[in-house]
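The structure appears below as structure tokens.
When a ligand or atom number is given, it counts from 1 through the structure's own listing order. We number each residue from 1, following the sequence as shown.
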Amino acid sequence: MVPKSLLSCVSNSLFFHNPESRFPSSSFNVPVFAWFCFALFEFDHEHANAWTNFKSWDSWNGNSNKPYLSHSLIFNSSQFLHNLMATATSRTLRFPSPSLSLSSRLPLSSAFSVSLRPHRGAARPLVVLVSAGLNAKPTVLVAEKLGDAGLKLLKEFANVDCSYNLSTEELCTKISLCDALIVRSGTKVSREVFESSGGRLKVVGRAGVGIDNVDLAAATEHGCLVVNAPTANTVAAAEHGIALLAAMARNVAQADASVKAGKWQRNKYVGVSLVGKTLAVLGFGKVGSEVARRAKGLGMNVIAHDPYAPADRARAIGVELVSFDEAISSADFISLHMPLTAATSKILNDETFAKMKSGVRIVNVARGGVIDEDALVRALDSGIVAQAALDVFTEEPPPKDSKLILHELVTATPHLGASTTEAQEGVAIEIAEAVVGALRGELAATAVNAPMVPSEVLSELKPFVDLAEKLGRLAVQLVAGGSGVKTVKVTYATARAPDDLDTRLLRAMITKGLIEPISSVFVNLVNADFSAKQRGIRITEERILLDASPENPLEFIQVQIANVESRFASAISDSGEIKVEGRVKDGIPHLTKVGSFDVDVSLEGSIILCRQVDQPGMIGKVGSVLGEENVNVSFMSVGRIAPRKHAVMAIGVDEQPCKESLKKIGDIPAVEELVFLKL
Ligand SMILES: NC(=O)c1ccc[n+]([C@@H]2O[C@H](COP(=O)([O-])OP(=O)(O)OC[C@H]3O[C@@H](n4cnc5c(N)ncnc54)[C@H](O)[C@@H]3O)[C@@H](O)[C@H]2O)c1
Ligand SMILES: O=C(O)[C@H](O)COP(=O)(O)O
């Protein structure tokens, strides 16, 4: 560990964590910074997966008009620091002689982050932030107010930074230091946020239902899991819907304002009754069905439209599911409860208002964007819509001069649907548990952009998940040059029926194994399919149905890569593909086939595969070369076609042999080819 005193001394002297700080350029102490970089470099030089973005450095030229630089860099390797020093040097920053070193190592589990913040018009950065995580705790940024119970849960597991009302720029700067972000509906989690995170952001928690403020495609592309809290605010939203319905029908808000203004207008505020009226619920999900249940209790006739809702659920509470046109044309009241999607955007518009009964009343506690707000103003003015009660708006907060908000027939609340004490505590707990679980690597039940795999399925598949990733890793390392992988076939041999074996997780792990050794991309369940597609890798899956006991989920997994050359010709099967096959034995993944050769080695450590002419003494010869170099052999297995013919020897090694040792093995006369594979 780098002594904390060193870090604090360095940070006290030149690293500032306050984004509001502005320092004269002379306070940027280059030699000390360089020394610190070098010290980090010394400790981290084994780690090669640098994430760099040198575009950011160009901002040093002072072209940015922004008060702070928009970019943060996150890295976890010396390569970055090396580049950083090289770049800085090339930009005439002088570094002292790199003679200083420290005798301990930085904790590599944590990331380092460098943010450059040039002053408006400055020629070079005034403040450089370097923060080194000295403990393994993840950092969670809570960007909107969250209930105390949720914060308490988060704080038991993570460093929690509650920073509200951040500008996009501030969020983008902060995010590179965070492993998780929690928001409500008021924060736009845009592509820029994911890009600025530099890969550190692992989970976005939406403390509520609607995820229309999170760029899901960008999250997925960046391998960032998005989880929400879908249940805890349902009742609150439904109650608010009913509150708005009743308040609108009886002019409560307008009458209240009038009384407070000293007036007594009993004739002006005559309302309409709810009993016996038809309410059309659009979107019969959690909130919609709770609204329907309550409206039935008020004596209303409730119909609903939802293309995906099961009719029996509606029937169970006495609601008839009807078409969209029937719903809107027969309703006295319409209550909106669908998500904002491309299909629902402006679903109420001039055309659909024209189909409604004259004098219809509309409640919206879903999302402002499902109504064309200009069309609603027109419909209110023309009398098609008698009144509207709105909790949500296209733009929040809406412009002060919004015709809709100021309309006397509109009752408005500032997105209060989920805002009850009870709902906020519930949502906070729900999201904190989901985020902590996700940071622990558990599959979240409320994941929005990843397949949900129940925990019992996960624990059953665990050894096969390891096997899948390792087979992917082995297969891609067998490809000559490692690249050019386009066609991959995965075969699962199983006695389970297709609907009893979820292979999405296995496919994702094979993809991870295939991609990670040949790129700097981090692949997980979230971005596996995207990453494969982006690289033009087509993965097809096939099942061999075995007549065996279905107790064991899988007998073996086979990975084949077609249309490539191999670094190890023996890995090519009779049908011309690179082929590796593995099984789980006693809970441990084993490699059981390479090309057409049967082998049997546990997939731990690394492997040397070597093809030889089968003859006595080979194991001893290879073993002694490795022994000379003090490389520990964990196992050996020989698979041969026939005695004294070709054989493939698989040797498991705990350490990586040096090139010379591998060459010595290759020079043994009977050895025809060999390859070293890292797991
Ligand atoms: N105002 C608030 O504070 C507040 C609080 C909670 C929820 N919400 C919003 O309310 C909405 C519903 O939340 P929920 O928890 O009930 O979600 P949900 O997913 O349980 O229900 C949404 C329903 O809409 C249906 N749907 C989808 N497309 C549709 C379409 N084209 N036409 C009709 N129905 C369609 C779905 O099938 C689903 O049944 C969301 O937009 C959510 O963001 C707002
Ligand atoms: O989608 C939701 O859960 C609601 O709109 C609540 O949003 P909020 O968390 O911003 O109150």
TODO: List for me each residue that meets side-chain hydrogen bond (donor to acceptor under 3.5 Å, both in side chains) alongside Lys462, sequence neighbours excluded, and say none if there are none.
DONE: Asp466
- [ ] Establish, from distance only, whether the side-chain atoms of Gln254 and Tyr269 form a donor-acceptor pair under 3.5 Å.
- [x] no
Open item on the list: Tell me which residues fall inside the under-4.0 Å heavy-atom shell around ligand 1.
Closed with: Val209, Gly210, Asn233, Ala237, Gly283, Phe284, Gly285, Lys286, Val287, His305, Asp306, Pro307, Tyr308, His337, Met338, Pro339, Thr344, Val365, Ala366, Arg367, Asp391, Val392, His415, Gly417, Ala418
Open item on the list: Between Gln424 and Arg184, is there a side-chain heavy-atom distance shorter than 4.5 Å?
Closed with: yes
Open item on the list: Under a 3.5 Å cutoff, is there a donor and acceptor pairing between the side chains of Thr234 and Glu290?
Closed with: no
Tabulate below the donor-acceptor pairs under 3.5 Å that side-chain atoms of residues 270-288 make, not counting sequence neighbours, or state none.
| unit_1 | atom_1 | unit_2 | atom_2 | d |
| --- | --- | --- | --- | --- |
| Lys277 | NZ | Ser273 | O | 2.9 |
| Thr278 | OG1 | Asn301 | ND2 | 2.9 |

- [ ] Would you please say whether a donor-acceptor pair under 3.5 Å links the side chains of Asn251 and Gln387?
- [x] yes
Task: Beyond-backbone contact of Asp179 with Val140, side-chain heavy atoms, under 4.5 angstrom - done: no
- [ ] Output yes when Arg496 and Glu460 qualify as a salt bridge under the 4.0 Å nitrogen-oxygen rule, no when they do not.
- [x] yes
Task: Lys/Arg-Asp/Glu bridge criterion (N-O < 4.0 Å) met for Arg507, Asp529 - done: yes
- [ ] Give the protein residues with at least one non-hydrogen atom closer than 4.0 Å to an atom of ligand 2, ordered by chain and number.
- [x] Arg184, Ser185, Arg206, Ala207, Gly208, Val209, Gly210, Asn233, Arg367, His415, Ala418
